[in-house]
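Throughout, a chain's letter reflects where its sequence line sits, starting with A, and its residues are numbered from 1. Just so it is clear, the structure is predicted and the values come from calculations on it, not from any experiment.
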There are 2 protein chains.
Amino acid sequence: MVSREEWIKAGIKALVRGGPEAVRVEPLAKQLAVTKGSFYWHFDDRGALLDALLEQWKRVATLAVIDAIEPQAITPQERLRALMMMTFRSAEAPAIEGAIRAWSASDPRAQKVVRRIDRVRERYVRELLVECGLPAQVAAARARVMYLALIGEFSVVAHGGAPSSPALFGELLRLLLA
Amino acid sequence: MVSREEWIKAGIKALVRGGPEAVRVEPLAKQLAVTKGSFYWHFDDRGALLDALLEQWKRVATLAVIDAIEPQAITPQERLRALMMMTFRSAEAPAIEGAIRAWSASDPRAQKVVRRIDRVRERYVRELLVECGLPAQVAAARARVMYLALIGEFSVVAHGGAPSSPALFGELLRLLLA
DNA sequence: ACCTGAACACCGTTCAAGT
DNA sequence: ACCTGAACACCGTTCAAGT
């Protein structure tokens, strides 16, 4: 007796470890000690599991981050810094984010989700910069720079590259608010 | 009669279109109108073809870019701008770069190559910034910011997101040289 | 309601045999 | 030197049958 959630959990683990192509029905079944037939009770096909993984990420990645920062009524500068810390210094975020982005490069379903999330996040940064007092046009350009840098960081770390030093965030923040 | 190079060319096309998992021996053979046995004459296995694709990228991506910029004895500021244009505004670079980076997230072989290229490029940007007169520490931080932004741009465009506007490069250059 | 077991298709890999 | 064709293994998918 394996629940749908256990399949998803195993799927995410496989995704992070070896990319979407590592999310395979038979090995997962073996690992969960059931037959493949069990899988096809819970999901239509392999694609349905992959969709479920995207759904999972959508909930966790965006809303969770913004919701964690928003409630605290601090200054926009502090929110920016908190956002950067959460994304740049989180242990597990780069792993799953990197996996999803990598996947997204070759799968339209993942692509659609990532693009939507991209827009939500970039707009959020832009609004923070406007709150900080920057003119709209400058805020837009800098929000994009910061967001591109965040994505680049995820990408580099996902490839096993060294994470950026804390000093970098300071410099980046200074640049953005200059 | 299909040459090794034709297999590689077909492989790159498949990689860009559908990621590494789309680089499949049987469909490629069908497309080239030979049997799978032909493939195994030219390559040890599927992995050997993937290695050849990485080798190809290594030659084209780094050396080609830097070599195209370096010979012209212009100012470092102009080189920076040229580098940004080449990478941000190239039509095919984001496609193959995005495909390789995506692949790299789940494959140690690709990972190794990407990491080395990352270091080469970041160092190049840092040296340009130092030539522009920035102190070493500031140059290091800003080189990283720029390089992260470049990678982010590749990532976003590879997902089908809109490329950044030309105005963004101006703003980014201004920030870096401030 | 949830799972097994057998069957089939697709593709990676091998290899003896052909030209 | 380069390729074919047949064979086998692995995994996605289906489905009738079990509890």
Q | Taking every non-hydrogen atom, the tightest pair across B/A29 and B/W7 | A | CA-CH2, 3.7 Å
Q: Could you pull out the closest heavy-atom pair between A/V113 and A/L54, with the gap in Å?
A: CG2-CD1, 4.0 Å
Q: Determine: side-chain N/O of B/H42 to OP1/OP2 of D/dA1, distance under 4.0 Å, yes or no.
A: no
(Q) Rounding to an integer number of Å, can you tell me how far B/W41 CH2 sits from D/dC3 C1'? (A) 9 Å
Q: Check the distance between D/dC3's C1' and B/L32's CG and give it to me in whole angstrom.
A: 14 Å
Q. Are the charged groups of B/E171 and B/R174 less than 4.0 angstrom apart, N to O?
A. yes
Q. Do the charged groups of A/R46 and A/E26 touch, with an N to O distance under 4.0 Å?
A. no
Q. So, does A/E6 use its side chain to make a donor-acceptor pair with the main chain of A/S3 at under 3.5 Å?
A. yes
Q. Do side-chain atoms of B/E153 reach the backbone of B/S164 as a donor and acceptor pair under 3.5 angstrom?
A. yes
(Q) Taking pairing as Watson-Crick or G-U wobble with both contacts under 3.5 Å, can you name the mate of C/dC10, or confirm there isn't one? (A) none
**Q.** Nucleotide paired to C/dA16 in any strand shown, Watson-Crick or G-U, under 3.5 Å
**A.** D/dT4
Q.
I need a per-nucleotide contact map over nucleotides 5-19 of chain C, read 5' to 3'. Cutoff is protein heavy atoms under 4.0 Å; write B for the base, S for backbone only, - otherwise.
A. B-----BBBB-----
